[in-house]
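Every chain is numbered from 1 and lettered A, B, ... according to where its sequence line falls, protein lines coming before strand lines.
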2 protein chains.
Amino acid sequence: MSKKRKLLIDTSLDLFYSNSINSIGINEILKTSGVAKQTLYSHFESKESLILSALQQRHTNFIEWLKTKLDGVDSNEQLIIRLFNALESWFRNSESMLGDFHGCFFINSASEFNNKQSNISLFCKQHKHEVRETIKQYMSQENLFLLDAICIMKEGAITNAYVSGDYSSAIKCIRILKQYENNTAFTD
Amino acid sequence: MSKKRKLLIDTSLDLFYSNSINSIGINEILKTSGVAKQTLYSHFESKESLILSALQQRHTNFIEWLKTKLDGVDSNEQLIIRLFNALESWFRNSESMLGDFHGCFFINSASEFNNKQSNISLFCKQHKHEVRETIKQYMSQENLFLLDAICIMKEGAITNAYVSGDYSSAIKCIRILKQYENNTAFTD
DNA sequence: TAAAGACTAGACAAGTTTGTCTATTTTGTG
DNA sequence: CACAAAATAGACAAACTTGTCTAGTCTTTA
């Protein structure tokens with residue numbers, strides 16, 4: 001990928017995620033990156049196209065991060081512990097692969113582009129689907145009820161951390177899910 | 001409250017929630033409500049002031065709705081069932097007090113105003129706190145671990161419904177929480 | 001009925017937005 | 001070196017943003 005193109009995507013992602021998409025204009029991205037306007041429009045058709053590239057970049061990063069965090073788990077309980085400890089570490093700005101925590105970029109973006117049919121909303125939906133599939137892959141014993149529970153609690157923990165500032169909510173999830181897992185492991 | 005003031009708040013809330021705050025300009029609110037610009041600025045100091053009034057309106061509505069849904073519960077298990085059935089009904093546009101579902105207005109707004117110190121973000125945080133306190137009041141037996149679990153799952157269900165279109169996630173929460181409640185009721 | 005307050009219509013200011021266009025300079029490569 | 005591709009700076013267009021101002025009209029109430 002072209003150096004300038006990469007710089008534009010990195011800068012956009014950084015600004016969009018630290019602020020919000022609608023509050024960051026093209027001119028601010030150009031000023032921060034030091035790239036000329038014509039260069040941006042030779043690489044990207046429109047602002048939306050740049051937004052989608054930034055979402056793609058974050059998606060790739062996030063899935064890669066998730067896989068490193070879950071690599072080698074050998075039980076569903078360990079998966080839960082690893083996942084939610086990783087989330088807490090993210091909330092506390094200790095995950096360098098993800099940068100400082102400003103909520104979930106995909107939830108934030110879907111909130112800004114309320115129209116369900118927009119490319120941006122559809123991308124966010126797809127991202128959540130792929131995160132779910134990734135977690136599923138790391139389950140020692142497939143348990144779709146547990147997977148649902150994990151995915152619901154994951155979103156709840158992120159939202160509680162972001163909106164309410166409760167960074168400990170990920171750890172609370174471990175306790176709840178362990179309880180749940182113990183009681184359903186052999187009944188589903 | 002003045003009739004025009006109320007009309008402006010109602011129109012703003014409707015447009016902000018159905019779209020997003022940053023994508024709706026003052027002029028659109030004026031056009032939709034049929035109110036003159038000077039009237040708006042005699043009732044509200046600024047757009048931010050109007051936004052805060054819309055948030056306040058939604059907050060009042062939501063708490064009132066929540067209380068009608070939880071009124072008369074006589075066990076924590078019933079509280080869980082009532083709450084999450086109500087959420088599912090909201091996701092499926094069947095709660096007239098809340099209007100059509102477009103996610104949580106407070107999560108959406110906090111996503112748009114990323115700065116934690118902004119009045120808007122602080123209001124959203126406060127809203128979540130008051131929802132938690134309201135649910136707590138309806139617990140037959142106070143159980144803060146269960147309350148945490150409910151609040152995390154509530155946010156997760158809303159996010160899954162909004163971003164992923166999974167309207168059944170609220171019902172899934174009932175199953176998970178019943179399990180949890182049964183196993184912790186006498187141990188906490 | 002008269003005066004005061006509320007409201008309207010819309011021009012206007014000053015700034016922002018995305019995207020286009022031109023003219024020039026830099027960079028990479030055969 | 002020479003030429004082509006890439007990048008630059010920034011003017012410009014057209015539309016939009018929030019907020020102010022003016023002048024006139026409607027509405028309430030004493």
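B/Phe101 does not carry B/Arg92 over the face of its six-membered ring by the limits of under 6.0 Å from the centre and within 45° of the normal. Relative to the six-membered ring of B/Tyr17, B/Arg58 meets both conditions, a distance below 6.0 Å and an angle of at most 45° to the axis.
Between D/dT8 and A/Thr39, a contact under 4.0 Å exists linking OP1 or OP2 to a side-chain N or O.
Taking every nucleotide of DNA chain C with any atom under 4.0 Å from a non-hydrogen atom of chain B, the first and last of them, 5' to 3', are C/dC7 to C/dA9.
Rounded to 10 degrees, the angle separating the terminal helix axes of the helix from C/dT1-D/dA30 to C/dG30-D/dC1, each built from five base pairs, is 10°.
Residues from residues 11-31 of chain A with heavy atoms under 4.0 angstrom of DNA chain D: there are none. Scanning residues 41-54 of chain B for heavy-atom distances under 4.0 Å to DNA chain D yields B/Tyr41, B/Ser46, B/Lys47.
Nearest approach of B/Leu40 to B/Val35, heavy atoms of both residues: N-CG1, 4.4 Å.
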Checklist entry - Once each nucleotide of nucleotides 21-30 of chain D is scored for protein heavy atoms under 4.0 Å, what B/S/- sequence comes out, 5' to 3'? => result BB--------
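The aromatic rings of B/Tyr167 and B/Phe91 sit tilted, their planes meeting at an angle between 30° and 60°. Between B/Trp65 and B/Trp90, the ring planes lie tilted relative to each other; the angle falls in the 30° to 60° range.
Within the structure, the side chain to side chain donor-acceptor pair (under 3.5 Å) test picks out the following pairs touching residues 105-116 of chain A (sequence neighbours left out): A/Asn22-A/Glu112, A/Asn108-B/Ser111, A/Ser111-B/Asn108, A/Asn114-B/His102, A/Asn114-B/Tyr162.
Side chains of A/Lys69 and A/Asn85: no donor on one and acceptor on the other come within 3.5 Å. A side-chain donor-acceptor contact under 3.5 Å links B/Lys37 and B/Asn27.
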